[in-house]
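The block underneath contains the structure these notes are about, expressed in structure tokens.
Scope of the values below: all heavy atoms of this structure, side chains included, with no hydrogens, waters or symmetry mates. Numbering of ligands and ligand atoms starts at 1, following listing order.
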Amino acid sequence: MIIKISNLSVGIHSLGFEIPVDELQLGEPFVDILTLDCEIDKSQHQIVIKCNLTISTQLNCDRCGVDYNKDFISDFTLLYLYEKSDIDEDKLNVNYLSANDDKIDLTKDVLEFARLSIPMKKLCSEDCKGLCVKCGTDLNENKCNCSDDETNPVWGPLLKLKDKLN
Ligand SMILES: [Zn+2]
Ligand SMILES: [Zn+2]
């Protein structure tokens, strides 16, 4: 993901990349193609690149264990400066350019954002019912015969106490 900047005129430019994840050696859980749309705003002292990144993944649900496919879209801005400045570098993705640089390679930053867009908690759907803890049935697909209202034995004594209080 390289942008040639030597001949780039001052102003706004659009550029898109579509790269098979195999070529990027991204590995699991990434699949298919990484798509990146860039809006490049070049001015005299800086280049601002607004990025819209789409990645496809195959993930494994933490609750029911099923494999599912999901796309993630993330927006971020990369800033390239020709001179040092006192902006807050922690908040922005700031890189520095020298007058001799004729291109910008986005690959490293983009791959980092790709990895960051994978959630810690992976669920095939928000309301995934998961597996029955007793028999292992996938409760999204089937109901099992384990009784729903069987009281957890830990609560037994407390419920008796509650009966007495009532
Ligand atoms: Zn699930
Ligand atoms: Zn069950």
Problem - Angle subtended at the Zn ion (ligand 2) by SG of C135 and SG of C146, nearest 10° - result: 110°
Handout entry: Option among T57, D22, L24 that satisfies the side-chain contact (heavy atoms from CB on, under 4.5 Å) test with F30
Key = T57
Practice task
Please examine the side chains of L36 and L106, heavy atoms only from C-beta on, and report whether any two atoms are closer than 4.5 Å.
Solution key: yes
Problem - Check: C144 main-chain N/O paired with N142 side-chain donor or acceptor under 3.5 Å - result: no
Fill in the blank from the handout: Between C144 atom SG and C132 atom SG, the angle centred on the Zn ion (ligand 2) rounds (to 10°) to 110°
Exercise for the section: Have a look at the Zn ion (ligand 1) and estimate, to 10 degrees, the angle subtended by SG (C128) and SG (C124). Expected result: 110°
Handout entry: Flag for D71-T54: side-chain donor and acceptor within less than 3.5 Å
Key = no
